[in-house]
Amino acid sequence: MQKGEVSLALLVYVDDIILAGNNSHACLAVKEYLNQCFKIKDLGNLKYFLGIEIARSKKGIFLCQRKYALDILSDSGLSGCKPAISPIEQNHRLALDDGPVYENPERYRRLIGKLIYLTITRPDLSYVVHILSQFMHSPRLAHYEAVLRVIRYVKRDPGQGLLLKSDYDLKIHAYCDSDWASCLLTRRSLTGFFIMLGSSPVSWKTKKQVTVSRSSAEAEYRSMAAATAEIVWLKSFLTSLGVTHSSPMELFCDNQAALHIAANPVFHERTKHIELDCHFVREHILAKHITTAHVPSRSQLADLFTKALGQRELLSFLPKIFESLPSNGVANPSMKNLSPFSASPVGK
């Protein structure tokens, strides 16, 4: 809600509430009103919500799931294991594995479910969790061993998380990429995109495309259309929060053919089967909602969401995305008091 220069946002999940605003008096008035309607308990500044830890400093707001990650290590019995450098083998062929079936599929599904929730603050796990979640109906021993490798990778830095910086410019820019015919069973391509608000990650995705692409350019263009839909929605969502975005949003792609298709208004035989995606992306380009640009493959952050990277590539990308929580669990000893708080209604 917004009235004049005062902006308030209320997030409700079952019996937990987060209230954020730019005016402490308005936040206090809302809390008093809620307390009149329901009996609530004010827990003060937000520190922990649904397994996500929140820490504040002058640099911004830091989000991580350190306790949740350590719980996964404890539950899996890997608290004392040797950390892994990467979450998955670079040239894996898990889809074609025909080894022995894992005798405890319920345990496999439970671990995958926990890792899916961990991707809320760990984008680097999106690709490997996407791959391993495809075998939950009948996992094999090699798939379970791959899950254990992911958990050992988590141990390498359980406090890794996202920093929502306080000094960024609130401009949206996105990276999109695809891995052509990467599924060894269906030959469908993989779509991946990574979206940042200023220099802070806000949205990412790894998903198998619903149809088979006959060329790498087609696969890249489908990924571009998916990223366009996401940033258009994100712009609309930010507008509802009072954050305007007048300049075109930047969409980076490392495939020249896909960029030429987006810029060329002429349809021909090689583009008619993706005509709807072409119209969708071009419409937003002509309306100056987005602008496309080429990015070198070595700077394509969406690579992290479409393929298993080698150690060198992985270590080069991680500092561009993450911050790490020190071992004492506190991002900065001098916390700045902000208006967001957590409250729990305990009765009407």
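FYI, the numbering just counts along the sequence from 1.
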Salt bridge between Asp71 and Lys67, side-chain N to carboxylate O under 4.0 Å?
yes
Residue list, salt bridge (Lys or Arg N to Asp or Glu O under 4.0 Å) with Asp124, at least two apart or on another chain
Arg122
So, the side chain of Ser74 versus the backbone of Leu70: is there a donor-acceptor pair under 3.5 Å, distance only?
no
Indicate yes or no: does Lys307 engage Asp177 in a salt bridge with an N to O separation below 4.0 Å.
yes
Would you tell me whether Gln209 and Thr191 have side-chain atoms, one donor and one acceptor, within less than 3.5 Å of each other?
yes
Under the side chain to side chain contact (heavy atoms under 4.5 Å, CB included) test, which residues partner Ala258, sequence neighbours left out?
Glu220, Tyr221, Met224, Cys253, Asn255
His143 side-chain N/O to Arg140 backbone N/O, donor-acceptor pair under 3.5 Å
yes
According to the interplanar angle, ranging from 0 to 90°, do the rings of His289 and His284 count as parallel (below 30°), tilted (30 to 60°) or perpendicular (above 60°)?
tilted
What class does the angle between the rings of Tyr175 and His173 fall in, given that below 30° is parallel, 30 to 60° is tilted and above 60° is perpendicular?
perpendicular
Contact summary for Asp254 and Gln300, nearest pair of heavy atoms
N-NE2, 3.6 Å
Tell me, please, which residues at least two apart from Tyr108 pass ring-ring contact (aromatic ring centres under 6.0 Å, His included).
none
Among Arg149, Arg107, Glu103, exactly one meets side chain to side chain donor-acceptor pair (under 3.5 Å) together with Tyr144. Which residue is that?
Arg107
Do Leu184 and Leu94 land in one hydrophobic cluster if side-chain heavy atoms of ILVMFWY residues count as linked below 4.5 Å?
no
If the threshold is 4.0 Å, N to carboxylate O, is there a salt bridge linking Arg110 and Asp75?
no
